[in-house]
Amino acid sequence: MGSSASKAALGATTNEPREPGAKHLADLTQYINETNMSVEHLANILSEKTGSSSWVVVFKALVTIHHLMVHGNERFIQHLASRNSLFTLHNFLDDSVIEGYTMSTFIRRYSRYLNEKSLAYRLIASDITKTKRGADGVMRTMNTKELLNTLPVIQTQFDALLNFNANPDELSNGIIHAAFMLLFKDSLRLFAAYNEGILNLLDKYFNMRRSQCKESLDIYIKFLGRTTKLTQFLKVAEQVGIYQSNLPYLTQAPHSLTEALKQHLTYLEKKNDDLSPYSLRHEFIPPTPFGPVVKASTSQPSGTDRT
């Protein structure tokens, strides 16, 4: 099995300018889903491929690694997170072909995202895109301290994802398109968890101490900015053929909510109190309950999964 996995890894990362073959990816996924199979061996092969001078080989290796993070056994990302260093591609440039200049830019951005995805796993001991969601899910049931530790990690990972920043014209070949599709899937799942964490934070805000309110307000304002950037990212997804019915519908939170949060923090700072009296806490809460995002579909786009 080890030799067949090696063969599949090499087959997925050839110098042919097309996306990794579905058969190779399926074989690799099956390999790491076998409980007794070594993920270190496979990770080593793929990591070595990222040392190539060819943008095609490096990009295909990164896409393969990302595919296994998404579809493979958790042991794979767990192993990547345990490594002292992963992809040092911040200076990567393939200037041997004209297309190499543009693709090298996306390789640098993509590798940063995969680094952040692995680091996030190390910091919070889970892949947040795969955790349980809903009213009794991970992000909705976290206590205040856990939220304030976890949400900045999600923010950093989300920033790296959105920084891929490709326009439809730049998704010009099967390799970068495959990378974008994996990022699209991650964006929906990551944002769903992010949004649930923010809703939990808002539920707790008016019972927090002053220092926690200050930190939470900063997190919330940054969240609003990322929602705007996600909308731009999803417009690209729509333009490259992802059906609009499969895209989440985002709505911006009313301005009154941000003002209510600021007013409450101002009250605590003026009074120099850690907590406002219970009778005053709810004066700042807008009368109509709402969430920053009304709909966040995470359904799988039909006919668009090229990996």
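Not measured: the values here are computed from a predicted model.
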Find out whether Met208 and Leu268 are in side-chain contact, i.e. whether some heavy atom of one side chain is under 4.5 Å from a heavy atom of the other. no
Expected output: side-chain Asn163 to main-chain Asp159 donor-acceptor under 3.5 Å: no
Would you check, one step at a time, whether the test side chain to side chain contact (heavy atoms under 4.5 Å, CB included) holds for Asp127 with Glu74? CA-CA 8 Å; Asp127 181 350; Glu74 187 177 358; 5.6 Å; no
How close do Ser111 and Arg108 get, counting heavy atoms only, and between which atoms? OG-O, 3.0 Å
Please answer whether the main-chain N or O of Phe184 pairs with a side-chain N or O of Ser187 as donor and acceptor at a distance below 3.5 Å. yes
So Tyr194 and Phe223, would you call those rings parallel, tilted or perpendicular, with 30° and 60° as cut-offs? perpendicular
Measure from the side-chain N and O atoms of Lys60 to the backbone N and O of Lys49, and report whether any donor-acceptor pair falls under 3.5 Å. no
Where is the tightest heavy-atom contact between Thr14 and Gly11, given as atom of each residue plus distance? CG2-O, 3.4 Å
Verify side chain to side chain contact (heavy atoms under 4.5 Å, CB included) between Gln78 and Asn73, making sure each step is shown before the conclusion. CA-CA 9 Å; Gln78 189 176 47; Asn73 188 286; over 6 Å; no
Determine whether the side chains of His79 and Arg83 contain a donor N or O and an acceptor N or O closer than 3.5 Å. yes
Quick one: do the Asn149 and Glu146 side chains pair a donor with an acceptor below 3.5 Å? no
Please confirm whether the backbone N or O of Ile154 pairs with a side-chain atom of Gln157, one donor and one acceptor, at under 3.5 Å? no
Closest non-hydrogen contact found for Leu89 with Leu62 is CD1-CD1, 4.1 Å
Please report the shortest heavy-atom distance between Tyr110 and Phe59, naming the atom on each side. CD2-CE2, 3.5 Å
Got Met181 and Ile242 here, is their nearest side-chain heavy-atom distance under 4.5 Å? yes
4.5 Å side-chain heavy-atom contact, Glu238 and Leu234: no
Given Lys117, which of Ile128, Ile65, Asp186, Leu161 fulfils the side chain to side chain contact (heavy atoms under 4.5 Å, CB included) condition? Asp186
Which is it for Glu170 and Asn167 under the side chain to side chain contact (heavy atoms under 4.5 Å, CB included) test, yes or no, and what are the steps along the way? CA-CA 5 Å; Glu170 291 168 324; Asn167 63 53; 3.2 Å; yes
Spell out, as yes or no, whether a donor-acceptor pair under 3.5 Å connects the side chain of Asn44 to the backbone of Glu40. yes
Close side-chain approach of Thr50 and Phe92, heavy atoms under 4.5 Å: no
Thr102 side chain vs Glu99 backbone, donor-acceptor pair below 3.5 Å: no
Distance col, row Glu269:CD vs Ser211:OG, nearest 0.5 angstrom, shows 10.5 Å
Hey, are the side chains of Val63 and Glu19 touching, using non-hydrogen atoms and a 4.5 Å cut-off? no
With rounding to the nearest 0.5 angstrom, report the CD to NZ distance, Gln232 to Lys235. 7.0 Å
Lys204, NZ atom: more than 12 neighbouring heavy atoms under 6.0 Å: yes
Any donor-acceptor N/O pair, Arg75 side chain to Ile32 backbone, under 3.5 Å: yes
Does Lys130, at its NZ atom, have more than 12 non-hydrogen atoms belonging to other residues, nucleotides or ligands within less than 6.0 Å? yes
Taking a hydrophobic cluster as the set of Ile, Leu, Val, Met, Phe, Trp and Tyr residues connected by side-chain heavy atoms closer than 4.5 Å, whether directly or through intermediates, do Met103 and Leu93 fall within one such cluster? no
Is there a donor-acceptor pair under 3.5 Å between the side chain of Ser52 and the backbone N or O of Val58? no
Please confirm whether the ring centroid of Tyr113 lies under 6.0 Å from the ring centroid of Phe87. no
Would you give the length of the straight line joining atom OG1 of Thr150 to atom CG of Leu123, rounded to the nearest 0.5 angstrom? 9.5 Å
Within-4.5 Å side-chain heavy-atom neighbours: Ser6 and His41: yes
Using 0.5 Å steps for rounding, measure from the CG atom of Leu42 to the CG atom of Leu46. 4.5 Å
Ignoring hydrogens and geometry, is there a side-chain-to-backbone donor-acceptor pair from Gln155 to Ile219 under 3.5 Å? yes
Sequence neighbours left out, what passes side-chain hydrogen bond (donor to acceptor under 3.5 Å, both in side chains) with Glu259? Give chain and number order. His255
Give the cluster check for Phe206 versus Leu265: same hydrophobic cluster or not, with ILVMFWY residues linked at side-chain heavy-atom distances below 4.5 Å. yes
May I ask whether Ile124 and Met139 are part of the same hydrophobic cluster, defined by side-chain heavy atoms of I, L, V, M, F, W, Y residues being less than 4.5 angstrom apart, directly or through others? yes
Salt bridge flag under 4.0 Å for residues Asp218 and Lys214: no
Identify the residue among Leu261, Leu151, Leu217 that makes a side chain to side chain contact (heavy atoms under 4.5 Å, CB included) with Leu201. Leu151
Verdict with reasoning, Tyr220 to Leu224, per side chain to side chain contact (heavy atoms under 4.5 Å, CB included): CA-CA 6 Å; Tyr220 179 69; Leu224 296 180; 3.7 Å; yes
Flag yes if Val153 and Phe158 sit in one hydrophobic cluster, no otherwise; membership is Ile, Leu, Val, Met, Phe, Trp, Tyr, and two members link when side-chain heavy atoms are under 4.5 Å apart. yes
Residue list, side-chain contact (heavy atoms from CB on, under 4.5 Å) with His24, at least two apart or on another chain: Ala8, Ala12
Should the pair Arg140-Asp203 be classified as a salt bridge under the 4.0 Å nitrogen-to-oxygen rule? yes
Nearest 0.5 angstrom please: Leu28 CG to Lys23 NZ, how far? 9.5 Å
In Å and rounded to the nearest 0.5 Å, what is the CG to OG1 distance from Leu147 to Thr141? 9.0 Å
What is the minimum heavy-atom distance between Met69 and Leu80, and which atoms define it? CE-CD1, 3.3 Å
State, to 0.1 Å, how close Arg122 and Asn84 come at their nearest heavy-atom pair, and which atoms those are. NH2-O, 4.4 Å
Between Ile176 and Leu162, is there a shared hydrophobic cluster once you connect ILVMFWY residues whose side-chain heavy atoms come closer than 4.5 Å? yes
